[in-house]
Amino acid sequence: MSDNPTIFALSSGAPPAGIAVVRISGPDAGTALSALAGSLPPPRRATFRRLVDPADGALLDATMVLWLPGPHTATGEDSAELHLHGGRAVVQAVLAALGRLPGLRAAQAGEFTRRAFLNGRIDLNEAEGLADLLSAETELQRRSALAMADGALSRRVEEWRQGVLMLSAQLEALLDFSDEDDVGEGAALLPPGFADQAATQAAQIGAWLARPRAEPLREGFRVVLAGPPNAGKSTLFNALVEAEAAITAAEPGTTRDVLTRSVAIDGVPFTFADTAGLRDEGAGEIERIGIARARAEAARADLILWLGPEGAGPAGDAVPLWELSARADDPVAPAKAAPRHRLSVHTGEGLDALRRDLVAHARATLPAPGEAALNARQHAFLSQVHNSLAAAGRERDPLLAAEHLRLARRALDGLTGRAGTEDMLDALFGRFCIGK
């Protein structure tokens, strides 16, 4: 088998369906299409053909085909598409016929997109955006992922890369040709305006680093319900996720572990977490484990809804906390002086107001609609670029400034995938389905 075999896969939804699209990509894509369709159709023009099995000449389907010669294709390779009738038997027969052709094999998960990356059709940031787009479940997720997949970050990275290269070229001219009149008066001096240019680029990157991150958008704005036993956390949790997801009972310690549920409210993704009741005395061994997990969950929340005594919640500078009075219909329930919301799950009082408040708060902290957001990998590399540029701008020694710029270029290459590891690439493209 060749080091670069031709691959094929069903790239549309699972049959039965109205249409089933089979993609073929690689050096033998044209040969494979000719073997089934009799000859190559005109490039990039949908053409009706009768597909036959080369093994015995049996008719497979009568359908539309596309011939897409490289390199201007999705993968950068010769490609073909078969737009079949979407029955299971039709798809299976065509895939079996392709599998019997020499030089062809079934594609692995994400292999088409990986070839697009390796052939320079997309960079790593666009590939990550495409992966997020495929998994998007809300409008906010879709629009942010589409911006990334469409190259919003990649275009800026290329601008920053060109800027860093220009700064590096100025320093190299000083270091290599400092005796020539047109490059400065000596190697001890930095080029005019160098510090300001480096600081300007660092500031531009700093503005991207200050944007809301991608993780809360991808995983859902994380809201943790916390409080002592029997405070109504599980009942409120069920109401917010609109399902009987948590067991509710009057017995203290009913909730022993963290229970999470992801939902969308007005197009905003949330992950709600119901936790064990917090108490210092009377808890058994298993409940104490649940309490420890509840505290850990609160520490990594984006927002805590506190249903316990006023002022007693696990508030910290990093995690906002809202005081809730969750039993507004109970005359004997302890009253709070100034709760953010007064609620009654049984009557529905205050629930709509709480949902609206949650949505408004999450929207203010999540990326704006259509705004590309940095994930952890991108943020780490871009932080390295920012720090290196800032250090270069403060430096007075051209040799040291040049080294900082080299580190900035290396981080930019890591950001786009020009420099990367196979393990990281395997993990990314493994997120894709077969046929993508």
Side-chain angles (χ1 to χ4, degrees), residues 140-141 209-241 245-248 252-265 268-326 336 338-341 343 354-355 357-367 373-380 383:
L140 276 178
Q141 291 170 335
L209 291 171
R211 287 183 174 189
R213 295 280 295 278
E215 284 77 17
L217 181 61
R218 180 188 301 156
E219 300 166 7
F221 187 81
R222 200 167 192 88
V223 179
V224 172
L225 283 70
N230 289 347
K233 301 183 298 299
S234 296
T235 304
L236 178 58
F237 176 82
N238 289 342
L240 289 171
V241 304
I247 297 174
T248 59
T254 300
T255 302
R256 300 294 184 90
D257 205 348
V258 176
L259 178 63
T260 61
R261 182 65 61 92
S262 297
V263 297
I265 304 176
V268 177
F270 286 90
T271 295
F272 290 101
D274 184 25
T275 61
L278 302 179
R279 57 175 172 171
D280 297 324
E281 298 179 357
E285 181 179 357
I286 295 177
E287 188 181 349
R288 285 197 298 271
I289 295 174
I291 291 172
R293 292 180 179 179
R295 296 187 187 280
E297 191 70 23
R300 71 187 192 97
D302 296 311
L303 174 67
I304 297 172
L305 301 183
W306 177 248
L307 281 69
E310 195 164 15
D317 294 336
V319 183
L321 180 144
W322 292 359
E323 297 272 3
L324 301 185
S325 182
K336 291 188 177 183
R340 177 119 177 181
H341 290 277
L343 311 167
L354 174 60
R355 290 190 183 97
D357 201 4
L358 287 170
V359 168
H361 181 75
R363 284 189 185 277
T365 57
L366 291 173
L374 301 176
N375 61 30
R377 184 195 70 84
Q378 295 159 346
H379 195 276
S383 294

*Of all residues at least two apart in sequence or in a different chain, which pass the ring pair (Phe, Tyr, Trp, His ring centres under 6.0 Å) check with H341?*
none
Measure the [atom1]-[atom2] distance between [X] and [Y] for me, rounded to the nearest 0.5 Å.
X: E215; Y: L374; atom1: CD; atom2: CG; value: 9.0 Å
X: L307; Y: N230; atom1: CG; atom2: CG; value: 12.0 Å
X: L225; Y: I304; atom1: CG; atom2: CD1; value: 10.5 Å
X: R211; Y: H379; atom1: CZ; atom2: NE2; value: 11.5 Å

Looking at residues at least two apart in the chain, or sitting in another chain, which of them share a side-chain contact (heavy atoms from CB on, under 4.5 Å) with [X]?
X: S262; answer: T271
X: A338; answer: E310
X: R300; answer: R222, E297
X: A362; answer: F221, V268, F270, L366

*asked:* Could you walk me through whether R363 and L140 satisfy the side chain to side chain contact (heavy atoms under 4.5 Å, CB included) test, starting with their C-alpha distance in whole Å, then the side-chain angles of each, then the deciding distance to 0.1 Å, before giving a yes or no?
replied: CA-CA 9 Å; R363 284 189 185 277; L140 276 178; 4.3 Å; yes
*asked:* Show the nearest heavy-atom pair for residues H361 and P320, with the distance to one decimal.
replied: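 Here H361 and P320 meet closest at NE2-CG, 4.5 Å.
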*Might you point out which heavy atoms bring A326 and A231 nearest each other, and give the distance in Å?*
CB-O, 4.1 Å
Which residues pass the side chain to side chain donor-acceptor pair (under 3.5 Å) test with [X], not counting sequence neighbours?
X: D302; answer: none
X: Q141; answer: T138
X: T260; answer: none
X: R340; answer: D357

_Would L354 and L236 count as a side chain to side chain contact (heavy atoms under 4.5 Å, CB included) here? Give the steps._
CA-CA 11 Å; L354 174 60; L236 178 58; 4.3 Å; yes
*Would you say the side chain of L305 lies within less than 4.5 Å of the side chain of F237, judging by non-hydrogen atoms?*
no
*Indicate yes or no: at least one non-hydrogen side-chain atom of P212 is less than 4.5 angstrom from one of L217.*
no
_Verdict with reasoning, L303 to L358, per side chain to side chain contact (heavy atoms under 4.5 Å, CB included)_ = CA-CA 9 Å; L303 174 67; L358 287 170; 3.5 Å; yes
*With sequence neighbours left out, write down each residue that passes salt bridge (charged side-chain N to carboxylate O under 4.0 Å, His left out) with E219, or none if nothing qualifies.*
none
_Donor-acceptor pair, side chain of K233 and main chain of A273, under 3.5 angstrom_ = no
